[in-house]
Amino acid sequence: QAKSAGGGYRLYQAAMGTDLAKRLTLAKRLRQALDGGKLQLYYQPQFDLGRGCVIGAEALLRWNDPELGWVSPAEFIPVAEERGMMNELGDWVLREACRQLNAWEAAGMRFEGRLAINVSAIQMEDPGVVDRLLGIVQQARLSPARFDLELTESSMMRDPERAVQVLESLGAAGFGLSIDDFGTGYSSLSYLKRFAADQIKIDISFVQNMLVDVNDHTIVTTIIVMARSLGLKTTAEGVEHEDQAAALRALGCDNAQGYHFGRPVAAQVFGEHWLTPSPT
Ligand code: C2E
Ligand code: CA
Ligand code: CA
Ligand code: CA
């Protein structure tokens, strides 16, 4: 690495001029980060709005590259998807989450509730996806019931008939299932009924504007009512303020996640802050 540092750096600077080259650079460095064990998972608590207690957490990928700095998953996940790395990356996420659950447990910090894992559309397209995810969890001697797989509404609507089947199989295997970014993916009520999900996550965009935009308030209200009539739980994402939490509670939303409750943090911080048993 040292011998190519000078020229390589200039090349990198020039390459950043084009989007394609930027994506290639990202892909190359992501490959190195994955191989070199440089990726991390952060954990964000999820709360029961009624009882006000932690009921789980969402695992979120973090990448701090020595040259690029922090790169957002919103930027590198699409690159992993288009460069054929997503299945490997997705496997790593679930394996790391399993390792962490066992590590917390070994340290006397039991993680109650479910750990939410984001699953990409690419992973869903793999015909072996169910065995693949189940295999990782079983290898770690954990039950699939400890996990909540989050699949976005739009990824499910790419091929909804297949999504119906994949969800059916994942649910039968024991995984909890959530429809992520709900309200942005144009699913029909008939599909929603057929998806074997347990929960809907109301997209952050509606939650963030629900107290300033009457349309967004209506959308949030409608999603909560509809979810309840279909027997699905609701989680609001992106709750940043107490007045949003109060409004969601009043509407009967089950769970919430957002900076108001807790930011995504490294595993050790999460363990100390959210898992250490209280003295009383
Ligand atoms: P997402 O699944 O919708 O995750 C929620 C995003 O909202 C996260 O962004 C989280 O940090 C952020 N967030 C949480 N609370 C608040 C809040 O109160 N206010 C605001 N403004 N944002 C909040 P993050 O971590 O940057 O992740 C972005 C997206 O990248 C995720 O959106 C998800 O689609 C994807 N992603 C992250 N980790 C993974 C992964 O392990 N696998 C896959 N396939 N995708 C992932
Ligand atoms: Ca998610
Ligand atoms: Ca989401
Ligand atoms: Ca999102």
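In what follows, residues are counted from 1 in the order of the sequence shown. All ligand and atom numbering here is 1-based and tracks the order in the structure.
- Contacts between R263 and ligand 1, counted as non-hydrogen atom pairs separated by less than 4.0 Å, are absent for every part of the residue.
- Taking 3.0 Å as the criterion, D181 does not count as a coordinating residue of the Ca ion (ligand 2), since none of its N, O or S atoms falls below it.
- Counting atoms of ligand 1 from 1 in the listed order, those under 4.0 Å from a heavy atom of E240 are 17 (C), 18 (O), 19 (N), 20 (C), 21 (N).
- Among D181, I204, V119, L94, the residue whose heavy atom lies nearest to atom 3 (O) of ligand 1 is D181.
- Contact annotation: for I117 versus ligand 1, there are no heavy atoms closer than 4.0 Å.
- Note on ring orientation: taking the six-membered ring where Trp is involved, the planes of Y42 and W70 are perpendicular (angle over 60°, cut-offs 30° and 60°).
- In terms of polar-atom proximity, H260 is not counted as a contact of ligand 1, lacking any N or O under 3.5 Å from an N or O of the ligand.
- When OE1 of E150 and OD1 of N118 are joined through the Ca ion (ligand 2), the resulting angle is 90° to the nearest 10°.
- With the Ca ion (ligand 3) as vertex, E237 OE2 and D180 OD1 subtend 120°, rounded to 10°.
- Relative to the six-membered ring of Y191, R194 misses at least one condition, a distance below 6.0 Å or an angle of at most 45° to the axis.
- When only modelled atom types and interatomic distance are considered, Q208 and D216 share no side-chain donor-acceptor pair under 3.5 Å.
- Of all N, O or S atoms in E58, the one lying closest to the Ca ion (ligand 2) is OE2.
- Contact annotation: for K201 versus ligand 1, there are no heavy atoms closer than 4.0 Å.
- The backbone and the side chain of L61 each have at least one atom closer than 4.0 Å to an atom of ligand 1 (non-hydrogen atoms only).
- Set against the non-hydrogen atoms of G238, the atoms of ligand 1 under 4.0 Å away are 16 (C), 17 (C), 18 (O).
- Residue-level proximity to ligand 1 for D180 is carried by the side chain, the only part with a heavy atom below 4.0 angstrom.
- Between R62 and ligand 1, an N or O atom pair is found at a separation short of 3.5 Å.
- The six-membered or imidazole ring of W274 lies away from that of F261, with a centre-to-centre distance of 6.0 Å or more.
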Given the rule in the side-chain hydrogen bond (donor to acceptor under 3.5 Å, both in side chains) test, do D181 and T152 qualify, once you have shown the distances and angles that lead to the verdict?
CA-CA 6 Å; D181 300 350; T152 66; 5.3 Å; no
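- Between Q257 and ligand 1, no N or O atom pair is found at a separation short of 3.5 Å.
- Both the backbone and the side chain of N118 come within 4.0 Å of ligand 1, judged by heavy-atom distances.
- With a 4.0 Å heavy-atom cut-off, ligand 1 is reached by the side chain of P264 but not by its N, CA, C or O.
- Each of the following atoms of ligand 1 lies closer than 4.0 Å to a heavy atom of E237: 3 (O).
- Between F270 and Y43, the ring planes lie tilted relative to each other; the angle falls in the 30° to 60° range.
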